[in-house]
Amino acid sequence: MTHLKLVTAALLLCSLNAHAQIYRWVDADGQVHFEQRPQPGSEEVEVRPQVVERDERVRQSEATMQRLMDIRDQERQQQRDLMVQHRQDREARCQDMRQRLAMFEARAYWYEEDADGNRVEVSKARLAEAESSLRQRIAEQC
């Protein structure tokens, strides 16, 4: 209830201030003064609220500017999303390459199939070359 009284009092003060009277008077030196309280010899000045209307061209220009800002914001968000996707893709590739590198270190023998479908052991030199190539790709890309 106290909150309601405070809000009502604040609204009442605002409305009184919005309808305040302005008085104009001239002192003995010819200086013009404006005050909210009447002075001897003062006259009330009618104060009309000034409403600034924007013409159609200004409203269209503002709407166009807002559309451009919205488009720019969308493009920036798409760019951020794309960068996040690229980062996630790179991390997935790097993780895959690290797992393959771990397989080089864990396995003692490597086999592959020849043209006839037979298992043939891969030479140590070829394994070393493949491992070196994989390490280089990890160093460059990750």
Side-chain angles (χ1 to χ4, degrees), residues 1-115 117 119-142:
M1 188 66 179
T2 304
H3 182 66
L4 181 60
K5 288 180 183 178
L6 287 174
V7 170
T8 304
L11 289 174
L12 182 62
L13 286 174
C14 288
S15 67
L16 288 177
N17 197 20
H19 297 292
Q21 300 297 318
I22 303 293
Y23 299 92
R24 177 184 178 275
W25 59 281
V26 181
D27 65 14
D29 297 329
Q31 185 103 22
V32 178
H33 299 273
F34 294 92
E35 293 195 20
Q36 290 182 338
R37 286 173 291 201
Q39 301 292 324
S42 65
E43 61 185 39
E44 187 175 332
V45 177
E46 181 182 353
V47 179
R48 287 176 274 160
Q50 186 175 9
V51 177
V52 178
E53 285 289 326
R54 296 183 316 250
D55 64 3
E56 184 62 27
R57 193 182 83 235
V58 172
R59 286 194 300 274
Q60 286 177 350
S61 175
E62 289 173 346
T64 299
M65 183 60 73
Q66 185 61 48
R67 282 193 302 276
L68 291 173
M69 297 289 283
D70 291 344
I71 289 169
R72 189 184 77 192
D73 290 344
Q74 289 172 356
E75 288 173 349
R76 285 182 177 173
Q77 185 60 46
Q78 288 173 349
Q79 186 67 26
R80 283 190 293 266
D81 293 345
L82 189 61
M83 288 174 62
V84 167
Q85 185 63 44
H86 284 307
R87 194 175 310 122
Q88 290 172 344
D89 291 346
R90 187 184 73 227
E91 281 302 315
R93 282 192 312 274
C94 289
Q95 185 175 359
D96 180 58
M97 286 190 289
R98 287 184 188 111
Q99 287 174 347
R100 285 190 286 158
L101 183 62
M103 289 175 61
F104 275 106
E105 296 167 355
R107 292 179 67 178
Y109 300 101
W110 284 83
Y111 298 95
E112 62 184 7
E113 289 186 10
D114 63 8
R119 279 178 55 169
V120 178
E121 185 176 348
V122 178
S123 70
K124 300 272 187 208
R126 190 157 164 232
L127 279 175
E129 180 183 320
E131 182 179 1
S132 174
S133 173
L134 185 58
R135 286 184 187 278
Q136 182 178 359
R137 285 179 45 207
I138 289 173
E140 291 171 356
Q141 297 175 16
C142 301

How long is the gap from [atom1] on [X] to [atom2] on [Y], to the nearest 0.5 Å?
X	Y	atom1	atom2	value
Asp96	Leu101	CG	CG	11.5 Å
Met83	Gln79	CE	CD	6.5 Å
Glu91	Arg98	CD	CZ	6.5 Å
Gln60	Met65	CD	CE	14.0 Å
Arg67	Thr64	CZ	OG1	4.0 Å
Leu82	Glu75	CG	CD	12.5 Å

Can Arg59 and Glu56 be said to form a salt bridge (charged side-chain N to carboxylate O under 4.0 Å, His left out), step by step? CA-CA 5 Å; Arg59 286 194 300 274; Glu56 184 62 27; 2.8 Å; yes
What heavy-atom pair brings [X] and [Y] nearest, and what distance separates the two atoms?
X	Y	result
Tyr111	Val122	C-CG2, 4.1 Å
Arg90	Gln141	CD-O, 3.3 Å
Ser42	Gln39	OG-O, 2.7 Å
Arg24	Val45	CB-CG2, 3.4 Å
Val32	Val26	CG2-CG2, 4.2 Å
Tyr23	Arg37	CD1-C, 3.7 Å

Tell me whether [X] is salt-bridged to [Y], with the criterion being a basic N under 4.0 Å from an acidic carboxylate O.
X	Y	result
Arg137	Glu140	no
Asp89	Arg93	no
Glu131	Arg135	yes

If you count every heavy atom of other residues, nucleotides or ligands that lies below 6.0 Å from [X] atom [atom1], does the total exceed 12?
X	atom1	result
Arg126	CZ	no
Arg80	CZ	yes
Gln95	CD	no

Determine whether Gln36 and Ile22 make a side-chain contact, defined as any pair of heavy atoms from C-beta on separated by less than 4.5 Å.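 They are in side-chain contact.
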Pair Gln77-Asp81, side-chain donor/acceptor within less than 3.5 Å: yes
Test your reading of the model: is there a side-chain donor-acceptor pair from Ser133 to the backbone of Glu129, 3.5 Å cut-off?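 No, because the side chain of Ser133 does not come within donor-acceptor range (under 3.5 Å) of the backbone of Glu129.
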For Gln31, does its backbone N or O pair with a side-chain atom of Asp29 as donor and acceptor, under 3.5 Å? no
